[in-house]
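Here's the structure, in structure tokens; my notes come after.
Protein chains get the first letters and strands the later ones, always in sequence-line order, with residue 1 at the start of each. These numbers were taken from a predicted model, which means no experiment stands behind them. Below, all heavy atoms of this structure are taken into account, side chains as well, without hydrogens, waters or symmetry copies.
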Amino acid sequence: MTKYNPSKIEKKWQKYWEAKKFYRADDKSKKPKYYQLETFPYPSAAGLHVGHPKGYIGEDIHSRYVRMNGKEVMYTMGWDAFGLPTENYAIKVGKSPKEVAKANIKNFKRQVKMFGLSYDWEREINTSDPEYYKWTQWIFLKMYEKGLAYRAKTNVNWCPKDKTVLANEQVKDGCCDRCGTQVEQKELYQWLFKITDYADRLIDDIEGLDWPETTKAAQKNWIGRSEGALIKFPVFNSKFSKGGQEYVEVFTTRADTLFGATYLVLAPEHPLVTKLTKDANLNAVNKYLEEVKKKTEMERLHMDKSKTGVDTGGYVVNPINNEKIPVWVADYVIGWYGTGAVMAVPAHDERDWEFAKKYDLPVKMVVCPNYPAPTCPVLEKAFTEDAHLVDSEEFVGMKSAEARNKIIEKLKEKGLAEFKKNYKLHDWVLSRQRYWGVPIPMIRCDKCGFQPVPENDLPVELPNIEEYKPAEDGRSPLARAKEWLVVKCPKCGKEAERETDTMDTFVDSSWYYLRYTDPKNKNEFASEAKIKHWLPVDLCVIGSEHAVMHLLYARFIAKVLYDLELLHFKEPFLKLRHLGLIQGADGQKMSKSRGNVVNPDEIVEAYGADSVRLYEMFMGPFEDGQPWDPKGVVGTSRFLNRVWNFISEPEEPKTVDKEADKILNKATKEIGEDIKNLKFNTGVSGLMKLINAIEDKWLTKKQYGTLLKLLAPFAPHIAEELWQTVLKNKKSIHLETWPKYDEALLADELIELVIQINGVKRDVLKITKGLSEEEVKSIVLSNENIKKHLAGREIKKFIYIKDRLTNLVI
RNA sequence: GCCCGGGUGGUGGAAUUGGCAUACACGUGCGACUUAAAAUCGCAUUCCGUAAGGAUUGAGGGUUCGAGUCCCUCCCCGGGCACCA
């Protein structure tokens, strides 16, 4: 009897599977397709830690199971290779990002392959490969053609000492994470995608998806749609309103409280601030604007949110009651949201209430749930739908929800209001002033302005440069690649310059799942036939950290391509599940700085990939995170040793053990369902229970085979070894089908009936299955133990749950 | 503050969705094998109690013959958003 030696058999079978191309996803297969996607990794210099493969292992088990159930599975791996950490690391070690990325990918691939995952490696993709990013650029051009890519001035983090743009991740507590200098905001022209045009569709289409509710909620919350109205407040005696009446527009969801608007607040950056400010207030207002500007991002975050503001001295007219109300400037109003101006209703809004109290502004209660005897205090919270208007002529007594619409309708006739939705979602700033990314395929000509690079000239390849540090003027290092930079304008032919910004890596990853269907296509991002064949994705497994950004961007790009009639579906990921991250033994997130990182190389070396696979699945629910227990893998390793020793002597018994058949039958059903529902932890425990139950039995070759087939998706190497070497099968176990189970064999003839008295368990009886209530009653009542507990008392009620339980109420 | 999750032994976690709480493991204890150790195997392991028995799923209340599971109040932990009008 040989000893179980995982390191020996695992390498052998990995080579065998790769040589035989078992896991190639055949485009022309007659079998039904199944596209299983997982987030492709960012290949960092640190390599894998034991947390990374968890998702791969779970998906591998699932895809092997789906294959065994007769589907053509496309299961793939690729590299999200562009990005800042690689660039920074390259600068640190004095190499080019390209070299660094290549080495990282090599290491990742070696580590990933250790686990025996059933990827179709022929479909491997790499976002930093010109053959890939050619199509990232092409998508950008399509966006540009559609008017969905545009340039605008937006803020970037700027380190005044390093004279460089910083990504958000490089800002720690408001300071540059390199030199510690306080970070400033600097306005720069950048490229944006108009995702806000798709806000409604991105919200409305979520409903039909089979996604975790939390993720749906997070996306909706992020988009942040609210429905309300735009209302115009005429400016009172504006000194500049020569031509006609000027207005301040506000957005509100609570038009029913318009009668209570006792003042109006402008955000500091509102264009009308200076116009509305009276001469006498000019100094105070300017001083305030200066102060606000000085407030850093850090102060905005960490300072207590006590409100500050200043009176402009100007007035507007409340359009519903023609009252003259003062206009203030305050930074509790956000410039970019809504119109950057709000009507303040201190009686019914906490923020306005706080501000009004501080600056002694009038408070007027206008809605209250206790109509007609308004006794509620101001700021009553539970007044939204039940409240009535209490202080207005024609609306008094009307419910809030109704009044809201009526008031808007009324003002609408005078052109002073309209229904309007607002969103928290910003357009997507995709420009990065960095080297290691996809060059934005645009050319700036002094005469013709920005011109797109002609499609035939794609890809615009990243040039090799000497110095990867960002340029001092805030431009990307690409500005130094003079030969690359200077080109002819595609329109006028005069000398022009390329755009030096590169793209956010979220653009690369927003469409990678499309490329897997046709990764080598030179003429299209993927052929129509292949897209139609494989897509949409059947199952997407992804970390919950991607719940908002990545998934929202991918959905957005899919919708744009759908509108361009390049895709036949509106939503790319119909079914989505999260995976929880494995934490360090200390329960904290694994990180170098905490020193709690566990390297998979050593663990696989010590126990074998199959044991590690089983342990990572056994730890707990797939979608939850659990701390890594260094001892945990011991348990699954012991289990595999037991399997090994159990199956190593296959000599046919004279009679088939029927009990073993029954046990295998039940396990087939349960383990199969567990895999299908991604409940791998109970799947593994099911396998352990199975061994516990049949370890002392003598099985037929067929029965051993069934056992191995149940094990095969979880521990593919040991299953293959025992299947081919010990059971002497000629073909791979991974070409077998999942065993069928017999529904009729699932139930035992004898069942254990629990007997409770007043809900407390008193006995368990083995009785025949399917007895009637009367039959059970007579059995139970004649039982000596039960008689003793009853002690002659009368039974008030006899509860019988068939084949399960009785409860005697006395 | 708001919106989601969640709270079960020493630890990770099970629980056919309202029907035997603590499956399966880890750890620990005892035993076997061994000169010894490791490995392996066997037994025990929610708590109190010698036992009979009793208590127990964050706390308290409710519905029910019966609640880890449903309802209400509160406490704690994790995640997301956060002056969003």
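Within 4.0 Å (heavy atoms only), A:Trp336 reaches at least one base atom of the nucleic acid. Within the 4.0 angstrom heavy-atom criterion, no nucleotide atom of any strand lies near A:Pro212. Across all strands, A:Val265 comes closer than 4.0 Å to no nucleic acid atom at all (heavy-atom distances). A:Arg642 comes within 4.0 angstrom of sugar-phosphate atoms only, judged by non-hydrogen atoms across all strands, and of no base. Within the nucleic acid shown, A:Ser544 has no heavy atom closer than 4.0 Å to any nucleic acid atom. Residue contacts for A:Glu752: at a heavy-atom cut-off of 4.0 Å it reaches a base atom on one of the strands shown. Using a 4.0 Å heavy-atom criterion, one finds that A:Lys424 contacts the bases of the nucleic acid, with or without backbone contacts as well. Using a 4.0 Å heavy-atom distance criterion, A:Asn692 is classed as a sugar-phosphate-only contact. Counting any heavy atom pair closer than 4.0 Å across all strands shown, A:Lys679 reaches sugar-phosphate atoms only and no base atom.
A:Asp742 and A:Asn665 share no side-chain donor-acceptor pair at under 3.5 Å.
Two residues are said to be in side-chain contact when any heavy atoms from C-beta on lie closer than 4.5 Å; A:Ile542 and A:His550 meet this criterion.
Taking a pair to require two hydrogen-bonding distances under 3.5 Å in either a Watson-Crick or a G-U wobble arrangement, B:rU64 remains unpaired.
Regarding contacts with the backbone of B:rG79, every side-chain N or O of A:Thr214 stays at 4.0 angstrom or more from both OP1 and OP2. Residue A:Arg638 has a polar side-chain atom (N or O) positioned under 4.0 Å from OP1 or OP2 of B:rU40. For A:Tyr337 and B:rA85, the shortest distance from a side-chain N or O to OP1 or OP2 is below 4.0 Å.
With hydrogens and angles ignored, no donor-acceptor pair under 3.5 angstrom links the side chain of A:Lys631 to the base of B:rC26.
More than 12 heavy atoms of other residues, nucleotides or ligands shown are found within 6.0 angstrom of NZ on A:Lys697.
The residue from A:Leu640, A:Ile718, A:Asn641 that alone fulfils the side-chain contact (heavy atoms from CB on, under 4.5 Å) condition with A:Ser611 is A:Leu640.
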Taking only nitrogen or oxygen atoms into account, show me every contact under 3.5 Å that the protein makes with nucleotides 65-67 of chain B, one pair per line with its distance.
| from | atom 1 | to | atom 2 | distance (Å) |
| --- | --- | --- | --- | --- |
| B:rC65 | OP1 | A:Lys797 | NZ | 3.3 |
| B:rC65 | O2' | A:Asn807 | ND2 | 3.2 |
| B:rC65 | O2 | A:Asn807 | ND2 | 2.6 |

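You'll find the ring centres of A:Phe355 and A:Trp328 inside the 6.0 Å limit.
Atom pair A:Lys761:NZ and B:rC20:P shows a separation of 9 Å (rounding to whole Å applied).
Taking the charged nitrogens against the carboxylate oxygens, A:Glu695 and A:Arg642 do have a contact shorter than 4.0 Å, which makes a salt bridge.
Comparing B:rC20, B:rG12, B:rA85 against the side chain of A:Thr253 picks out B:rA85 as the nearest.
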